Asks: 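The following block contains the structure, expressed as structure tokens.
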There are 2 protein chains.
Amino acid sequence: MSSGEVKRTGRPTDEAKREAILTAAADSFFAHGFAASSIEQIAADAGVSKVTIYNRFGDKRALFIAAVERECEQLRGNLEMPQVASGNLRDRLTAIGEAMTAFLSRPKMVQFERRIAAETEHESSVGEAFLVAGPWRMKRAFAALIDAMHEAGDIEVDDPELAAEQFASMCKGMGDLERRFGAAPDPQRNRERIAGAVEVFCRAYARD
Amino acid sequence: MSSGEVKRTGRPTDEAKREAILTAAADSFFAHGFAASSIEQIAADAGVSKVTIYNRFGDKRALFIAAVERECEQLRGNLEMPQVASGNLRDRLTAIGEAMTAFLSRPKMVQFERRIAAETEHESSVGEAFLVAGPWRMKRAFAALIDAMHEAGDIEVDDPELAAEQFASMCKGMGDLERRFGAAPDPQRNRERIAGAVEVFCRAYARD
DNA sequence: GTTCAAGTGAACGGAGGCGTTCAGATTGTC
DNA sequence: GACAATCTGAACGCCTCCGTTCACTTGAAC
């Protein structure tokens with residue numbers, strides 16, 4: 001019935017404007033925070049009237065939520081696990097660790113996490129939504145890989161989710177935390193962390 | 001010469017007021033963020049005139065820095081490693097893991113980390129100061145413990161700092177991240193994480 | 001009791017932001 | 001061209017906040 005687009009009379013809404021607004025909003029919110037961002041500035045950056053924002057999103061908080069949801073969607077597209085079914089165990093683990101570190105190290109990602117965490121203080125649903133869209137999804141995917149390795153007889157693991165957490169956590173080490181608090185990146189140390197994680201993981205779980 | 005207190009004429013400064021101001025400032029800044037906190041509210045909470053704050057701290061930013069520094073000092077006092085020289089390796093590691101998780105799980109700590117990370121976006125010195133006062137100090141202390149275990153012949157470790165990171169990271173697992181994003185705490189899972197970390201660490205590094 | 005700095009209360013200027021209103025311009029469909 | 005909706009620009013009311021000024025009070029030391 002009402003599925004698909006409903007034919008409406010009058011000037012149609014400009015979806016490009018919606019995108020422009022959300023992009024400007026995300027840029028501002030994630031760079032300056034909710035309180036320090038102004039709707040007027042966002043409207044100017046988006047090349048749009050302030051009234052348009054209010055007409056389409058209601059108020060500042062709703063705009064923030066919409067920006068977060070859009071960012072989570074984009075995030076969802078980027079966290080594909082590398083399809084490394086080939087190679088030996090150590091090579092596959094290394095590839096996974098490197099992909100994950102690269103993914104988490106992007107400045108945009110660091111900034112986004114910082115902001116979501118801060119805003120979780122007052123809007124805990126924001127934090128929960130992020131967990132569902134990002135880390136938990138990633139953990140499940142990675143646990144499935146671990147489980148597949150177990151089924152294939154490469155490793156011996158009781159609790160795949162725990163093992164996934166352990167490997168991912170070791171790869172991150174303190175690098176995650178250091179990025180969050182603005183320390184200079186150290187690619188060499190990151191490689192050592194990944195190599196160390198592979199080594200420890202294999203010593204603990206590899207068969208034979 | 002000018003060491004010790006200099007005798008001054010006139011009404012002496014009330015140090016209790018300084019403490020009250022910093023406490024109120026920390027409460028507000030870490031709960032609502034820098035931009036969303038108001039000096040007037042902080043003054044009211046501290047039971048102090050707004051002018052007093054300006055006289056003693058200059059401006060809002062300086063007050064924020066002072067509040068952060070004081071919080072870091074308090075943090076410094078709380079992160080003593082448990083002195084568990086007794087017991088076998090697994091028991092000692094478990095005690096360390098539990099102490100660390102308890103320390104990092106306190107709501108105050110979670111809140112503080114969230115805020116420092118957010119504010120690092122604009123004032124990177126804040127993040128660096130925190131790293132020095134907290135995590136890096138903790139890592140060095142823990143690496144020293146690992147090194148002592150190595151010297152004692154309990155474990156065989158090449159890179160104590162890396163091993164310290166690995167064990168701490170496995171203990172945290174995703175619990176750290178989940179706390180930061182407001183998920184409900186799961187003590188059972190935390191215990192499993194610690195037990196799992198001890199197990200993997202021992203399989204990888206324990207002698208015989 | 002005098003001296004002098006610390007602290008108070010109230011008011012002010014200036015700025016910026018949220019959300020609203022409204023007349024008018026724009027851009028589609030019938 | 002008529003219609004109907006979106007979009008715009010400018011202004012407005014209201015509020016909050018920063019940082020300052022100033023006359024005044026408080027309290028310790030001499």
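The structure displayed is predicted, hence computed values, not measured ones. Letters A, B, ... mirror the listed sequences (proteins, then strands); counts begin at 1.
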Asks: Any cation-pi pair here, R114(B) with F181(B), using under 6.0 Å and within 45°?
Replies: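 No, R114(B) does not sit over the ring of F181(B).
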Asks: Do we see a donor-acceptor contact under 3.5 Å between the side chains of R70(A) and T23(A)?
Replies: yes
Asks: What dot-bracket string describes DNA chain D from 5' to 3', counting Watson-Crick and G-U wobble pairs whose defining distances are under 3.5 Å, with [ ] for crossing pairs and | for pairs to another strand?
Replies: ||||||||||||||||||||||||||||||
Asks: With a cut-off of less than 4.0 Å, is there a side-chain N or O of K17(B) near OP1 or OP2 of dG27(D)?
Replies: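 K17(B) to dG27(D) OP1/OP2: no side-chain N or O under 4.0 Å.
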Asks: Of all heavy-atom pairs between A168(A) and M100(A), which one has the smallest distance, and what is that distance?
Replies: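 Residues A168(A) and M100(A), closest heavy atoms: O-CE, 3.5 Å.
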Asks: Taking the nucleotide of DNA chain D with the nearest heavy atom to each, does P12(B) or A35(B) sit closer to the 5' end?
Replies: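 Result: A35(B).
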Asks: Check the distance between dG9(D)'s P and I39(A)'s CD1 and give it to me in whole angstrom.
Replies: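 Going from I39(A) (CD1) to dG9(D) (P), I get 17 Å.
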Asks: Nearest of dC22(D), dT21(C), dC18(D) to any side-chain atom of V51(B)?
Replies: dC22(D)
Asks: Expressed in angstrom and rounded to an integer, what is the separation of I53(A) atom CD1 from dG17(C) atom P?
Replies: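 Those two atoms, CD1 and P, are 13 Å apart.
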Asks: Roughly, in whole Å, what's the span from CD in E40(B) to P in dG9(C)?
Replies: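 Atom CD in E40(B) sits about 13 Å away from atom P in dG9(C).
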Asks: CZ of F34(B) versus P of dC17(D): gap in Å, rounded?
Replies: 13 Å
Asks: Is the F142(A) to F167(A) ring centre distance short of 6.0 Å?
Replies: yes
Asks: Would you check if there is a donor-acceptor pair between the side chains of S169(A) and S169(B) at a distance under 3.5 Å?
Replies: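 Side chains of S169(B) and S169(A): no pair found under 3.5 Å.
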Asks: Is the distance from OP1 or OP2 of dC7(D) to the nearest side-chain N or O of R56(A) less than 4.0 Å?
Replies: yes
Asks: Given that K50(B) and D14(B) both sit by DNA chain C, which one's nearest nucleotide is further toward the 5' end?
Replies: D14(B)
Asks: Nearest 0.5 Å, what's the CZ-CD distance between F29(A) and Q111(A)?
Replies: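 One gets 13.0 Å once the value is rounded to the nearest 0.5 Å.
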Asks: Whole angstroms only, please: what is the CZ-C1' distance between F64(B) and dC18(D)?
Replies: 17 Å
Asks: For the atom pair CZ (F201(B)) and CD (Q166(A)), what is the distance rounded to the nearest 0.5 Å?
Replies: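 CD of Q166(A) is found 13.0 Å from CZ of F201(B).
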Asks: Rounded to whole angstrom units, what separation is found between the NE2 atom of H32(B) and the P atom of dC17(D)?
Replies: 11 Å
Asks: Whole angstroms only, please: what is the CD-P distance between Q41(B) and dC18(D)?
Replies: 10 Å
Asks: Using a cut-off of under 3.5 Å, enumerate the N/O to N/O pairs linking the protein to nucleotides 2-4 of chain D.
Replies:
residue, atom, partner, partner atom, Å
dA4(D), O4', T9(A), OG1, 3.2

Asks: Would R61(A) count as a cation-pi partner of F34(A), with NZ or CZ less than 6.0 Å from the six-membered ring centre and within 45° of the ring normal?
Replies: yes
Asks: Can you see whether R18(B) engages T13(B) through a side-chain donor-acceptor pair at a distance of less than 3.5 angstrom?
Replies: no
Asks: Which listed nucleotide (dC18(D), dT8(D), dT6(D)) is nearest to the side chain of T13(A)?
Replies: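 Per side-chain heavy atoms of T13(A), the pick is dT6(D).
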Asks: Provide, to the nearest angstrom, the distance between the CD1 atom belonging to I42(A) and the P atom belonging to dG19(C).
Replies: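 In whole Å, dG19(C) P and I42(A) CD1 are 11 Å from each other.
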Asks: Could you pull out the closest heavy-atom pair between L75(B) and A133(B), with the gap in Å?
Replies: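 Smallest heavy-atom distance, with atoms named: CD2-O, 4.2 Å.
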Asks: Closest approach to the side chain of S38(B), judged atom by atom: which nucleotide of dC7(D), dC18(D), dG17(C) is it?
Replies: dC18(D)
